[in-house]
Amino acid sequence: MNMISEYINMKQIHDVLIIGAGVTGTMIARELSKYKLDTVIIDKSNDAGNMTSSANSAIIHSGYDPEPGTNKAKFNVLGNKMYPQIVKDLDVEYIPCGSLTVALEEEQLETLKMLQERSRINGVPVELLSKEEVLKLEPNINPEVKGALYAPTAGVIDPFNLVVHAMENAIDNGVTFLRNHEVNNIKKENDYFVVNTNKEDLYARIVINAAGVKADKIASMIEEIDWAITPRKGEYYLLDHYKAGLVNRTIFPLPSKKGKGILVSITSSGNYIVGPSSELADPDDLSTDAPTLANIKASASLMVPSIPFKETIRVFSGLRATCTRHDFIVEPSKTERNFINVAGIESPGFVSAPAIAEYVVNELIKPVMKLENNPSFNPKVKPYHRMHYLSEEAQIQTIKENSDFGEIICNCEHISLGEIKEALSRSCPPVSIKGVKRRTRAGFGKCQGGFCQPKILLLLAKHYGVSPTEIPLNEDGSYIIDHLIKEAK
Ligand SMILES: Cc1cc2nc3c(=O)[nH]c(=O)nc-3n(C[C@H](O)[C@H](O)[C@H](O)COP(=O)(O)OP(=O)(O)OC[C@H]3O[C@@H](n4cnc5c(N)ncnc54)[C@H](O)[C@@H]3O)c2cc1C
């Protein structure tokens with residue numbers, strides 16, 4: 001054996017390396033964990049789902065809107081059918097509430113008929129409702145409404161836990177997750193890729209590019225590409241769960257070229273969400289601004305005039321990975337069969353992710369790599385204790401078994417110490433305050449962490465055995481405490 005081949009043999013060459021741990025990457029990782037493979041998933045962030053997958057409307061769209069024959073239509077419709085089982089396996093909050101697309105003008109009824117026809121071609125069950133039927137279902141909709149398209153198979157999901165639990169399930173089934181690994185360069189050597197990151201060089205026979213708004217950057221590390229990501233920012237209001245019934249499902253206006261429009265919806269946690277806008281933006285721009293928010297308010301109030309915006313607990317924004325091809329790209333690169341782009345995954349990317357994952361594995365990986373079933377694959381995550389959802393007897397029993405579940409840390413959302421400790425003990429634990437928030441909802445309520453954040457910060461510091469000055473709010477470096485005046489107990 002010469003020096004070079006000896007050197008190569010020392011390297012760990014992974015079977016598959018996924019770039020990006022959003023919903024697309026984590027679903028692909030989970031799908032791959034069904035097979036005996038050495039799979040690694042990396043992200044430049046310190047957690048799974050920190051980018052677009054945690055800042056969206058979280059609607060499991062029915063598929064009434066994408067143009068028939070597109071990847072968006074195909075994966076949306078397939079993905080929608082997969083969710084009822086996925087949310088059971090991954091223990092994720094999901095409300096199959098349905099959606100209404102409303103016509104506020106007489107002429108818009110024609111567009112509803114066009115959407116009804118699209119739904120028929122896409123194989124999505126829908127129903128055209130009269131004004132009276134709409135107002136019976138949703139009494140707070142503008143009484144001037146002329147009709148609506150009802151899509152019963154739409155739903156709303158907890159997007160944070162979906163991604164984290166998919167990651168956790170993939171890890172439990174043998175996948176490796178590397179955080180804080182930013183890809184800087186990729187090159188092909190022999191029959192594998194060398195993926196250069198800020199931390200180390202990684203080697204893999206197949207690389208999957210699921211890098212969201214940065215997917216064009218990653219794709220062009222391999223070859224010249226004829227597409228680009230032109231991100232579109234969507235800003236939102238998130239309202240407190242102040243009372244039930246403002247709306248009972250997702251209410252859309254008519255879609256336009258910019259997207260599905262500004263919606264008003266319940267969320268899986270009983271809050272209300274209003275947005276998103278749709279404006280071209282820089283791929284790192286997650287700001288919100290007053291004029292855009294004012295437009296959202298005006299637009300949404302046309303559909304639901306009584307939205308109590310004074311109940312707003314947060315405004316935020318997310319970035320759509322809008323692609324110049326105007327469709328999802330799920331295909332190998334032109335020059336490298338083993339480099340797979342999963343790019344341009346804008347809306348309806350969340351609902352589509354599990355179907356995209358199946359396609360990537362069955363249609364793009366299976367033909368180039370022998371896949372042997374993983375006999376110990378378990379589709380389910382360990383159940384979580386969510387005290388809020390338990391019956392009183394079950395709560396009492398849980399607290400008897402472990403008193404941490406009786407100590408409330410987040411008063412707004414009633415999240416206990418036990419739930420936070422449980423999140424920290426799992427295979428994809430949080431490393432930041434927002435990581436705890438996304439997993440447990442601690443800090444999600446009216447005070448937005450004003451009271452519980454210091455406690456969570458100390459809990460994280462204790463758990464990881466570091467100084468509180470080293471605990472970030474979100475990404476590494478976003479530290480809250482500069483230095484300690486007195487030693488924290
Ligand atoms: C405003 C808005 C509303 C939406 N509403 C819906 C909806 O209701 N329903 C729906 O189905 N879809 C919706 N979507 C779309 C959905 O959110 C996205 O399609 C989905 O989250 C994309 O997931 P992803 O994993 O492809 O990208 P991301 O979640 O962005 O993940 C990509 C990951 O790649 C990582 N990364 C990037 N560059 C590098 C690098 N160089 N090295 C290492 N890692 C890197 C990032 O850190 C990130 O974690 C919406 C999107 C937006 C913005």
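We count ligands from 1, going down the list as the structure has it; atoms in each ligand are counted the same way.
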Please tabulate, for the side chains in residues 206-215, all donor-acceptor contacts under 3.5 angstrom to protein atoms that are two or more places apart in sequence or on a different chain.
residue, atom, partner, partner atom, Å
Asn209, OD1, Ala211, N, 3.3
Asn209, ND2, Ala215, O, 2.9
Asn209, ND2, Asn341, OD1, 2.9
Lys214, NZ, Asp284, OD1, 3.0

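Closest non-hydrogen pair, Asn374 versus Ser33, comes out as ND2-O, 2.9 Å.
Among the candidates Lys382, Arg426, Arg439, Lys380, the single residue satisfying the salt bridge (Lys or Arg N to Asp or Glu O under 4.0 Å) test with Glu168 is Arg426.
Looking at heavy atoms from C-beta onward, Leu293 lies out of side-chain contact with Lys297 at the 4.5 angstrom threshold. By the 4.5 Å heavy-atom criterion applied to side chains, Lys446 and Glu311 are counted as neighbours.
In this structure, Tyr359 has its ring center at least 6.0 angstrom away from the ring center of Phe328.
For ligand 1, the 4.0 Å heavy-atom shell contains residues Ile19, Gly20, Ala21, Gly22, Val23, Thr24, Asp43, Lys44, Met51, Thr52, Ser53, Ala55, Asn56, Ser57, Ala58, Ile59, His61, His181, Glu182, Val183, Ala210, Ala211, Gly212, Lys214, Ile218, Gly234, Tyr236, Pro276, Gly318, Leu319, Arg320, Ile345, Glu346, Ser347, Pro348, Gly349, Phe350, Val351.
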